[in-house]
Amino acid sequence: MTRHVLILGGTEEAYALAEALAGRGGLRVVTSLAGRTASPRRPAGDFRVGGFGGPGGMAAWLRAEDVAALVDATHPFAEAISAEARAAAGLAGVPLLRLERPAWEAGPGDDWREAADPGEALALLDGLGARRVLAVIGRREVGALAGAPGIAFLLRSVEPPEALPPNVRWVQGRGPFAVAGEAALLQAERINALFCRASGGAGGRAKLDAARDLGLPVVMLRRPAAGMAPSVGTVDAALAWLARAGSSGTMPRR
Ligand SMILES: NC(=O)c1ccc[n+]([C@@H]2O[C@H](COP(=O)([O-])OP(=O)(O)OC[C@H]3O[C@@H](n4cnc5c(N)ncnc54)[C@H](OP(=O)(O)O)[C@@H]3O)[C@@H](O)[C@H]2O)c1
């Protein structure tokens, strides 16, 4: 009798959870990856790649594969898949947990401003007089950078974007990053402000520490609103939830 846990992944937390669960007797662990990166890291346990075709498709998959618990460990800014997970879990009657890394907290010397959307972020950057900006943002926000033609952006991401506005140059980068390396990049590129998302995570924090050390301001996109699902911030708390779900029978033995 094997219980089946599906982890919606693509994040460090998802890899760590799969690692912690893989190899446990009586448990099948599958990580789902969207398939955005050409050569994704292989998670521990089994994995599948590609979309489900919406909530109905995911619910059908959960039923067909006898999934006993679903953990949505996707990125804080991957809004669509989290909404899909909530709907699919409801349709299939599968317990759902949201595993979301805590947001960063500003400390002494940090000069951070929050923006609700890219338009507000660009207005803040302009108001700061920023002319050379390091942008560590998502694919969806890249096009908006064209809205500030007076700012030269250096965009850093794992994969090259499909199209680059004329005021944007791309540099490849895959975390985790170290503060010294981030400071060297900011100085070499004569960057005078940072534009990023409130993603959280230890590896992504280095650019913020480097900006603080160099006295640079940061404009940060606020996270999308959280949905209505039980939520934890650490892999240990997710393991405890799964253990409780298993022992209470919420996560049935099949
Ligand atoms: N957004 C980021 O900046 C970021 C950063 C690091 C990692 N990631 C990871 O990259 C993936 C895609 O991010 P996104 O922002 O493009 O997502 P999204 O906009 O929320 O999702 C768009 C669609 O992609 C499919 N999808 C997304 N994540 C999936 C997964 N883990 N397994 C299977 N299908 C998935 C779903 O398609 P269907 O409707 O067809 O099921 C979903 O409706 C996520 O898994 C996320 O954890 C994202």
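As the structure is a prediction and not an experimental result, all values here were calculated from the model. In listed order, ligands and their atoms are each counted from 1.
- The side-chain tip of R223 does not point at the ring of F77 from less than 6.0 angstrom away and within 45° of straight on.
- Scanning all protein heavy atoms for the shortest distance to atom 25 (C) of ligand 1 gives R36 NH2, 4.0 Å.
- Close contacts of ligand 1 with L33, meaning ligand atoms under 4.0 Å from a residue heavy atom, involve 30 (C), 32 (N), 33 (C).
- With a 4.5 Å cut-off on side-chain heavy atoms, W61 and V30 count as touching.
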*What do the steps show when you test K207 against D213 for salt bridge (Lys or Arg N to Asp or Glu O under 4.0 Å), and what is the final call?*
CA-CA 10 Å; K207 61 182 174 293; D213 293 348; over 6 Å; no
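- Ranking protein heavy atoms by distance to atom 29 (C) of ligand 1, first place goes to A34 CB, 3.5 Å.
- Looking at L239 and W241, their side chains never come closer than 4.5 Å, going by heavy atoms from C-beta outward.
- With ligand atoms numbered from 1 in the order given, ligand 1 contributes 20 (O) to contacts under 4.0 Å with heavy atoms of E79.
- Within the structure, the closest approach of M58 to ligand 1 does not fall below 4.0 Å when heavy atoms are considered.
- Taking atom 43 (O) of ligand 1 as the reference point, the nearest protein heavy-atom neighbour is E84 OE1, 2.9 Å.
- The protein non-hydrogen atom at the shortest distance from atom 17 (O) of ligand 1 is A78 CB, 3.6 Å.
- Considering backbone and side-chain N/O atoms, G54 comes within less than 3.5 Å of an N/O atom of ligand 1.
- In this structure, atom 7 (C) of ligand 1 lies nearest to the protein heavy atom G10 O, 3.2 Å.
- The shortest heavy-atom distance from G50 to ligand 1 is under 4.0 Å.
- Residue G53 has at least one N or O atom closer than 3.5 Å to an N or O atom of ligand 1.
- The closest approach between a heavy atom of G138 and any atom of ligand 1 is not below 4.0 Å.
- Although no hydrogens or angles enter the test, the distance criterion places no donor-acceptor pair under 3.5 Å between the side chain of H4 and the main chain of V29.
- In terms of protein heavy-atom proximity, atom 44 (C) of ligand 1 is closest to G9 O, 3.8 Å.
- Not a single donor-acceptor pair under 3.5 Å links the side chain of R132 to the backbone N or O of A152.
- Of all atoms in ligand 1, numbered sequentially from 1 with element shown, those under 4.0 Å from a heavy atom of G51 are 34 (N), 37 (O), 38 (P), 40 (O), 41 (O).
- Separation of atoms CD (E100) and NE2 (H75) is listed at 9.5 Å; rounding is to 0.5 Å.
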_Quick one, E182 with R156, criterion salt bridge (Lys or Arg N to Asp or Glu O under 4.0 Å). Give me CA distance, side-chain angles, the key distance, then yes/no._
CA-CA 11 Å; E182 296 292 62; R156 183 175 70 192; 2.7 Å; yes
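- Taking CG of L97 as the reference point, atom CG of D72 lies at 8.5 Å (rounded to 0.5 Å).
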*salt bridge (Lys or Arg N to Asp or Glu O under 4.0 Å) between D111 and R212: does it pass, once the steps are laid out?*
CA-CA 7 Å; D111 177 6; R212 181 201 55 228; over 6 Å; no
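- Within a 4.0 Å radius of atom 10 (O) of ligand 1, the protein contributes no non-hydrogen atoms.
- For ligand 1, the atoms lying closer than 4.0 Å to a non-hydrogen atom of R139 are 16 (O).
- Closest approach of V94 to L70, counting heavy atoms only: CG1-N, 3.8 Å.
- Checked against a 3.5 angstrom limit, the closest N/O atoms of T74 and ligand 1 fall outside it.
- The protein heavy-atom contact nearest to atom 31 (N) of ligand 1 is S32 O, 3.0 Å.
- Here the protein heavy atom with the shortest distance to atom 3 (O) of ligand 1 is R197 NH2, 2.6 Å.
- For S82, no nitrogen or oxygen atom sits less than 3.5 Å from a nitrogen or oxygen atom of ligand 1, counting backbone and side chain alike.
- With N167 contributing its side chain and L145 its backbone, the two residues share a donor-acceptor pair below 3.5 Å.
- Which of R140, E141, H75 comes nearest to atom 15 (O) of ligand 1 through a heavy atom is settled by distance: it is R140.
- Under 4.0 Å from ligand 1, the heavy atoms of R48 that appear belong solely to its side chain.
- The closest donor-acceptor contact from the side chain of R24 to the backbone of G26 lies at 3.5 Å or more, if one exists at all.
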